[in-house]
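Have a look at the structure below, then the notes.
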Amino acid sequence: MRFSGLRVLREGLSGNKGWGPHWRDPEPKAEYDAVIIGGGGHGLSTAYYLAKNHGMTNIAVLEKGYLGGGNVGRNTTIVRANYGLEGNSQFYSHSLKLWEGLEQDLNYNAMMSQRGVLMLCHSDGQRDAFARRGNMMASQGDDAELLSADAVRHMLPYLDFDNTRFPIYGGLLHRRGGTARHDAVAWGFARGADQRGVDLIQQCEVTGIDIENGVVKGVQTTRGAIRAKKVGVVVAGRSSQVAAMAGMRLPVESHVLQAFVTEGVKPVIDHVISFGMGHFYISQSDKGGLVFGGDLDFYASYAQRGNMPMMEHVMEAGMTLMPMIGKAKVLRSWGGIMDMTPDGSPIIDKTETEGLFVNCGWCYGGFKAVPASGDAFAHLMATGERHDAAAKYRLDRFRTGAGLMDEEATGAQHNLH
């Protein structure tokens with residue numbers, strides 16, 4: 001089943017009775033060439049690229065709940081490639097290029113909107129830092145424009161430019177950045193993987209990882225044992241728990257990151273805006289709701305609900321940046337479990353157990369990384385070699401101290417990234 005304008009028109013005229021399921025609901029087989037633990041964006045994209053790029057079709061994705069029920073559906077949908085460090089900059093540049101061709105590749109509407117991402121600066125030092133970041137972005141072939149305060153005022157006249165404490169000095173504009181529809185991204189990758197023969201097994205919780213003489217042999221699940229030659233762990237905030245089943249202690253902590261959406265209002269925010277002094281970011285959805293978020297809750301937790309003090313903190317930042325937001329009613333909030341590394345950058349690597357691979361530590365960058373993460377992890381699992389774009393995301397950097405990637409320059413503390 002392929003989507004097209006003609007097909008959508010025909011189905012609309014016939015009561016939409018011709019659509020079929022987007023993917024199968026198979027029973028798990030006794031053995032696979034590879035098993036992916038985690039049916040979120042990264043796990044589904046890994047399975048898709050394993051099948052598409054490497055011809056591996058005897059694959060299963062195991063999800064303890066339903067596909068897309070974790071962090072891929074619990075974020076603020078921002079897509080960007082405005083990172084400044086060697087290694088991160090190249091990776092997210094690769095991811096953005098995949099995003100730009102994703103809908104055609106998947107034949108699925110991910111509602112990709114390259115509306116532009118603007119990071120505001122509020123001091124001379126921050127403006128200098130953004131200039132360096134912009135130069136790094138440009139060196140990767142990505143777009144970056146350093147705007148003056150007057151240029152920002154022309155684009156976004158509704159901001160509080162004369163705030164005594166946080167005056168707006170200008171901003172770094174990344175026009176190719178924007179947003180995508182989070183659940184549609186998960187569904188698109190699920191549909192594409194299923195069409196290539198991948199088994200998507202829902203309601204199948206992994207309870208153990210079988211290892212013999214240092215070699216992975218498969219997994220134990222609530223739906224029985226499944227043997228596999230290769231096992232990939234890509235479960236976001238649950239990374240530490242699943243890795244512990246293999247006797248591993250990962251250098252990650254799990255923290256809650258909250259997000260919010262208001263009632264629908266008339267179109268006013270055309271871009272994604274980031275408040276440089278308050279870690280506040282906001283965009284407007286196609287339904288009119290203002291989608292925004294801010295800092296982590298600053299304590300380790302597996303709860304997907306967050307807390308009231310952080311809710312107040314985020315909304316204070318929003319009011320500081322654009323006082324008009326105070327008139328909007330908040331409809332709902334949600335929390336995603338972030339697996340935070342000490343240096344704020346992810347891990348895509350082999351483990352000491354042969355055939356066992358980990359993909360974790362995405363901190364704030366998980367959604368925008370979905371295509372490149374799957375591409376790089378699939379390459380690693382299929383070939384045993386690191387993808388060029390993810391070569392610096394080594395697990396052993398936390399053991400040796402070599403190659404640490406402190407993107408935000410906040411030091412080796414999980415909750416500051």
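Not measured: the values here are computed from a predicted model. Sequential numbering from 1 along the given sequence is applied to the chain's residues.
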Report yes or no: does Lys230 contribute a side-chain atom to a donor-acceptor pair with the main-chain N or O of Met381 at less than 3.5 Å?
yes
Under the rule for ring pair (Phe, Tyr, Trp, His ring centres under 6.0 Å), what residues qualify as partners of Tyr48, not counting sequence neighbours?
Phe189
Could you list the donor-acceptor pairs under 3.5 angstrom formed by side chains in residues 235-249, with sequence neighbours left out?
residue : atom : partner : partner atom : Å
Arg238  : NH1  : Gln241  : OE1          : 3.0
Ser239  : OG   : Ala236  : O            : 2.5
Ser239  : OG   : Asp339  : OD2          : 3.4

Any non-hydrogen side-chain atom of Phe398 less than 4.5 Å from a side-chain atom of Leu404?
yes
Quick one: list whatever passes salt bridge (charged side-chain N to carboxylate O under 4.0 Å, His left out) with Asp33, sequence neighbours left out.
Lys229
Hey, does Gln413 have a side-chain heavy atom less than 4.5 Å from the side chain of Met340?
no
Glu263 side chain vs Leu331 backbone, donor-acceptor pair below 3.5 Å:
no
Nearest heavy-atom contact between Met56 and Ala382 is SD-CB, 4.1 Å
Determine yes or no for a side-chain-to-main-chain donor-acceptor pair under 3.5 angstrom, with Gln202 supplying the side chain and Asp25 the backbone.
no
Rounded to the nearest 0.5 Å, how far apart are OG of Ser45 and CG of Asn359?
8.0 Å
I'd like to check the side-chain contact (heavy atoms from CB on, under 4.5 Å) partners of Arg115; sequence neighbours left out, ordered by chain and number.
Ser113, Thr179, Val272, Ser283, Asp286
Taking the side chain as C-beta and beyond, is there a heavy-atom pair between Gln90 and Met136 under 4.5 Å?
yes
Quick one: which of Asp349, Asp343, Thr341 gives a side chain to side chain donor-acceptor pair (under 3.5 Å) with Arg397?
Asp343
Using side-chain contact (heavy atoms from CB on, under 4.5 Å) as the criterion, list what pairs up with Asp194, not counting sequence neighbours.
Trp23, Arg24, Leu200
Pair listing, salt bridge (charged side-chain N to carboxylate O under 4.0 Å, His left out) test, anchored in residues 171-190, at least two apart:
Glu100-Arg176, Asp142-Arg176, Glu145-Arg175, Arg181-Asp183
With sequence neighbours left out, the residues meeting side-chain contact (heavy atoms from CB on, under 4.5 Å) with Glu354 are Val215
Closest non-hydrogen atom pair between Leu257 and Met338, with its separation:
CB-CG, 3.6 Å
What are the two closest non-hydrogen atoms of Pro26 and Ile201, and how far apart are they?
O-CD1, 3.5 Å
For residues 310-325, please give each side-chain donor-acceptor pair under 3.5 Å, one per line with the distance, not counting sequence neighbours.
residue : atom : partner : partner atom : Å
His313  : NE2  : Asp295  : OD2          : 3.0
Thr320  : OG1  : Glu316  : O            : 2.9

Between Glu407 and Arg133, is the closest basic N to carboxylate O distance under 4.0 Å?
yes
Contacts satisfying ring pair (Phe, Tyr, Trp, His ring centres under 6.0 Å) that involve residues 222-272 (not counting sequence neighbours) are Phe260-Phe292
OG1 of Thr351 to CD1 of Ile211, rounded to nearest 0.5 Å, is 7.0 Å
Heavy-atom side-chain proximity of Val265 to Gln284 below 4.5 angstrom
yes
Examine distances only and state if a side-chain atom of Glu86 and a backbone atom of Lys392 form a donor-acceptor pair shorter than 3.5 Å.
no
Donor-acceptor pair, distance only, cut-off 3.5 Å: does the side chain of Glu103 make one with the backbone of Ala110?
yes
Donor-acceptor pairs under 3.5 angstrom involving side-chain atoms of residues 151-161: please list them, not counting sequence neighbours.
residue : atom : partner : partner atom : Å
Asp160  : OD1  : Asp162  : N            : 3.4
Asp160  : OD1  : Asn163  : N            : 3.3

His174 (side chain) donor-acceptor with Gly116 (main chain) under 3.5 angstrom:
no
Does the side chain of Leu250 come within less than 4.5 Å of Cys360's, by heavy atoms?
yes
Determine whether Ile168 and His122 make a side-chain contact, defined as any pair of heavy atoms from C-beta on separated by less than 4.5 Å.
yes
Is the backbone N or O of Glu205 less than 3.5 Å from a side-chain atom of Thr222, with the two atoms forming a donor-acceptor pair by type?
yes
Test side-chain contact (heavy atoms from CB on, under 4.5 Å) applied to Thr76 - qualifying residues, sequence neighbours left out:
Ile78, Ala259, Tyr281, Val291
Looking at Tyr66, I'd like to know if its OH atom is crowded, meaning that more than 12 non-hydrogen atoms belonging to other residues, nucleotides or ligands lie closer than 6.0 Å.
no
Parallel, tilted or perpendicular: rings of Tyr364 and His279 (30°, 60°):
tilted
Minimum side-chain heavy-atom gap Asn71-Trp362 below 4.5 Å:
no
Scan for ring pair (Phe, Tyr, Trp, His ring centres under 6.0 Å) pairs involving residues 95-121, sequence neighbours excluded, and state none if there are none.
Phe3-Tyr108, His22-Tyr108, Trp99-Phe367
For the residue pair Tyr92 and Tyr83, does the interplanar ring angle fall in the parallel (under 30°), tilted (30 to 60°) or perpendicular (over 60°) class?
parallel
For the pair Asp105 and Lys52, evaluate side-chain contact (heavy atoms from CB on, under 4.5 Å) and give the outcome as yes or no after the intermediate values.
CA-CA 10 Å; Asp105 187 25; Lys52 177 178 181 284; 3.1 Å; yes
Let me see the working for Gln220 and Asp210 under side-chain hydrogen bond (donor to acceptor under 3.5 Å, both in side chains), right down to the final yes or no.
CA-CA 7 Å; Gln220 298 292 325; Asp210 297 331; 2.9 Å; yes
Least distance between heavy atoms, Arg2 atom then Asn107 atom
CA-OD1, 3.2 Å
Check against side-chain contact (heavy atoms from CB on, under 4.5 Å), His54 and His379
CA-CA 8 Å; His54 304 282; His379 179 86; 4.0 Å; yes
Backbone N or O of Leu106 within a donor-acceptor pair of the Arg191 side chain at under 3.5 Å?
yes
Ala390 and Ala376: which non-hydrogen atoms are nearest, and at how many Å?
CB-CB, 3.8 Å
side-chain contact (heavy atoms from CB on, under 4.5 Å) between Gln258 and Asp297, worked out
CA-CA 8 Å; Gln258 297 187 67; Asp297 279 7; 3.1 Å; yes
Ignoring hydrogens and angles, tell me if any N or O in the side chain of Arg196 forms a donor-acceptor pair with the backbone of Ala47 under 3.5 Å.
no
Under the criterion side-chain hydrogen bond (donor to acceptor under 3.5 Å, both in side chains), I'd like the reasoning laid out for Asn88 against Tyr393: C-alpha separation, chi angles, the key distance, then a yes or no.
CA-CA 9 Å; Asn88 278 339; Tyr393 294 160; 2.6 Å; yes
Do any N or O atoms from the side chain of Thr262 and from the backbone of Ala328 form a donor-acceptor pair under 3.5 angstrom?
no
Please evaluate residues Val206 and Val233 with respect to the criterion side-chain contact (heavy atoms from CB on, under 4.5 Å), reporting the C-alpha separation (whole Å), side-chain torsions for both, the decisive distance (0.1 Å), and the verdict.
CA-CA 10 Å; Val206 172; Val233 178; over 6 Å; no
Can you tell if the side chain of Met119 reaches within under 4.5 Å of the side chain of Phe130, non-hydrogen atoms only?
yes
Shortest non-hydrogen contact between Val370 and Gly41, atoms and distance
CG1-O, 3.6 Å
